Asks: 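For reference, the structure I am asking about is given below.
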Amino acid sequence: MHQTPLISTIAAGLVLAFGFGIAAHRLRISPLVGYLLAGIVVGPFTPGFVADQELASQLAEIGVILLLFAVGLHFSLADLISVRAVALPGAIAQLSLTTLLGMALGWSFAWSLGACFVFGLALACGSTVVLTKSLQERRLLDTDRGRMAVGWLIVQDLAMVIALVLLPTLGGAGDGNASWEDIATAVGVTIAKVAAFIALMLIAGRRLVPMILHYSAHTGSRELFRLAVYAIAIGVAYGAATLFGVSFAVGAFFAGMVLAESPLSQRATEEALPLRDAFAVLFFVSVGMLFNPYVLWERPWAVLATLALIVGGNGAAAFATARLLGQPGPTAWTIAASIAQIGEFSFILAGLGVGLGLLSPEGRDLILAGAILSILANPFLFAAVERGRVQIVPRSAPEPIQPTVSAPETQAGAGGTADGAASVPVAVTALEDHDVIVGYGRVGSLLGHSLVAAGRPILVFEEGEAAIAAARRDGAEVVVGNAADPEVLAAANLAAARRLLVTIPQAFEAGQVVQQARRANPALEIVARAHSDAEVQYLTQLGADLTVMGEREIAQRMIERALRSNEAPVPIRGAA
């Protein structure tokens, strides 16, 4: 029998991740928890099959590259500049505060100063991968809060790049083998390399990368276009790490960001999705493989203290810093939940610290245990924050939107506070015979504007600040929250509604909304949006009365124009 460690690692990781992910979904918790448990099962610290940890880590790096590339595709240079006033000072302040707290905890363990520094720094840096997955699951990635949180983590990642280069030099200084001049030189060289990479991407990359993608698109081959997307993402990330000492994650992020200015960025995002999601799952499996469960009963109090510092220390430092920088409560809570976990850079720091003799294996085990437990807890923190934001904004509300919780016995927007995390039932709208619109983007806003102009009462589900403001200007009543959540959807009073219009482009999430709405009101007219025949069939099976596919509608209008006839238009094969 041939030895196939790569295939066995991928097979075991994906199969177990799927099984545990399904179980987690059935229990109404994030599938990330299932992926981590799958990694623990195939890890070296549990009996049975043990996957190749080195291969799993390399596969995970591909997931990091594709995930951060996709995040960059949602960003633009203007987005990054717009959050710099908060992300730059906020991330640096939070890193400094949490590092000092971590050093104090390490000092209580009677560790050396070098060990305390590595330990504190490792506990201060959040995982961009975990953050991105959490934001994607809750459709927050394109919101102002989401961009602020991503910008914060990107600044952290850049700081960690500098720290990884300096750590060997600092270790030498502690042994008396390196002078402060050596340290200053290392800092200067690292900053110069990072600056050179960023300048190259923003000057040459902004022209070269879109040009490559456009040329690939003009070949007419979807295969070549998809290959171009992967080549740009992985090629730029590898070049950034090899030539400039920048991490794979940061390199891929900037590659996506310069490509975001191209008209083909949306298509590039769609092409990157399949591999991105598969390898992102392998990232969490590889993290789970690092976890040694024995540390939980060998040093339980040290583990709990480490976890408390990661979740409480990072979260409190981020929240306080964001508020001091003038951010509203909801944004500060989102940033706090985003930072209340650690990940990939913490693992690298811990391994380097042990290799340099600065950190003991015991310290590395505490970092890994804290990372796993904080990643497990993070979906619950995000869920608590998002439940605390849900509110109904009445059409007559004159004040700017401040997402709060509405108590059931009060009018929407009254009682509760944006900074309070207490979860109470969502207030149900008083509207009747109304139209409900899920999503107020390009399609939803066109619908809403027309319906209001026709005198129809409408209620809109949205989470993006700009879209919420647009819905309010159009005269809509707004529910700030994710309609895929049954508790949030209940606010729409679907039993008394006339019609549900699901305009969000994510078919899976749209299907959840359609299915729940059909259960709530079997007679409700449901119209949904789709991008393929498979999505049309999927949404129809879940209860949509009409599923509109944009490409088919465009073809119908073109046929009408081409025939130039008063006769009935030739029907297009399939649903409307």
Side-chain angles (χ1 to χ4, degrees), residues 1-64 66-67 122 127 129-130 133-134 137 274-304 306-307 310 341-344 346-348 350-351 354-355 359-380:
M1 179 178 177
H2 295 291
Q3 296 296 319
T4 55
L6 176 61
I7 295 176
S8 60
T9 299
I10 293 175
L14 292 181
V15 170
L16 287 173
F18 173 73
F20 282 106
I22 287 291
H25 179 74
R26 292 294 299 271
L27 295 173
R28 298 179 61 81
I29 59 179
S30 171
L32 295 185
V33 177
Y35 307 156
L36 290 167
L37 291 176
I40 295 173
V41 170
V42 299
F45 304 105
T46 53
F49 173 79
V50 177
D52 190 310
Q53 193 163 343
E54 184 177 351
L55 280 176
S57 299
Q58 293 183 32
L59 292 170
E61 285 287 5
I62 299 177
V64 172
L66 295 177
L67 196 61
S127 168
V129 178
V130 175
K133 291 295 289 182
S134 297
E137 286 180 0
L275 274 184
R276 183 200 70 182
D277 291 341
F279 280 101
V281 168
L282 291 176
F283 167 81
F284 291 101
V285 172
S286 72
V287 172
M289 291 174 64
L290 296 171
F291 184 49
N292 181 1
Y294 295 103
V295 75
L296 294 177
W297 53 80
E298 289 175 354
R299 299 209 60 187
W301 296 113
V303 171
L304 287 175
T306 302
L307 178 63
I310 294 170
Q341 41 76 24
I342 60 175
E344 56 272 15
S346 302
F347 309 145
I348 298 171
V354 172
L359 185 69
S360 67
E362 174 193 0
R364 178 185 59 193
D365 288 342
L366 289 178
I367 291 171
L368 294 176
I372 296 293
L373 295 175
S374 67
I375 292 173
L376 287 170
N378 197 247
F380 301 102

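Values in this document were obtained by computation on a predicted structure and should not be read as measured data.
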Asks: Distance from I375 atom CD1 to S127 atom OG, nearest 0.5 Å?
Replies: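 Output value for this atom pair is 5.5 Å.
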Asks: Can you tell me how far apart CD1 (I367) and CD1 (I372) are? Round to the nearest 0.5 Å.
Replies: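 The CD1 atom of I372 is 12.5 Å from CD1 of I367, to the nearest 0.5 Å.
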Asks: Judged by atom type as modelled, is there a donor-acceptor pair below 3.5 Å linking the side chain of T46 to the main-chain atoms of I40?
Replies: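 Such a contact is found between T46 side chain and I40 backbone.
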Asks: Hey, what do you get for OG1 (T306) to CG (L366), rounding to the nearest 0.5 Å?
Replies: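 Rounded to the nearest 0.5 Å, the OG1-CG separation comes to 4.5 Å.
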Asks: Rounded to the nearest 0.5 Å, how far does OG1 of T9 lie from CE of M289?
Replies: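 The distance works out to 6.5 Å.
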Asks: For L307 and G370, work out which heavy atoms get closest and say how close.
Replies: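 Heavy-atom minimum between the residues: CD1-O, 4.1 Å.
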Asks: Rounded to the nearest 0.5 Å, what separates atom CD1 in I62 from atom CZ in F279?
Replies: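 I62 CD1 to F279 CZ: 4.5 Å, rounded to 0.5 Å.
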Asks: Is it the case that more than 12 heavy atoms not belonging to W297 sit under 6.0 Å from its CH2 atom?
Replies: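 It does: W297 CH2 has more than 12 such atoms within range.
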Asks: Kindly indicate, with the supporting measurements, whether the criterion side chain to side chain contact (heavy atoms under 4.5 Å, CB included) is fulfilled by L376 and L36.
Replies: CA-CA 8 Å; L376 287 170; L36 290 167; 3.7 Å; yes
Asks: Do any N or O atoms from the side chain of S374 and from the backbone of Q341 form a donor-acceptor pair under 3.5 angstrom?
Replies: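 Pair absent, no side-chain N/O of S374 close to backbone of Q341.
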Asks: Quick check: are there more than 12 heavy atoms from other residues, nucleotides or ligands sitting under 6.0 Å from CG of L296?
Replies: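 Yes - once you tally the heavy atoms of other residues, nucleotides and ligands closer than 6.0 Å, there are more than 12.
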Asks: Name all residues meeting the side-chain contact (heavy atoms from CB on, under 4.5 Å) criterion together with L6; count only those two or more places apart in sequence or in a different chain, and write none if there are none.
Replies: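 Partners of L6 by the side-chain contact (heavy atoms from CB on, under 4.5 Å) criterion, ordered by chain and then number, come out as I10, L55, L59.
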Asks: Hey, does the side chain of S360 reach the backbone of G363 with a donor-acceptor pair shorter than 3.5 angstrom?
Replies: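 Looks like yes, one N/O pair under 3.5 Å.
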Asks: Would you say that more than 12 heavy atoms from the other residues, nucleotides or ligands in this model lie under 6.0 Å from the OH of Y294, or not?
Replies: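 No, OH of Y294 has 12 or fewer neighbouring heavy atoms, counting only those of other groups under 6.0 Å.
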Asks: Measure the spacing between CD1 of I342 and CG of L368 and express it to the nearest 0.5 Å.
Replies: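 That separation rounds to 8.0 Å.
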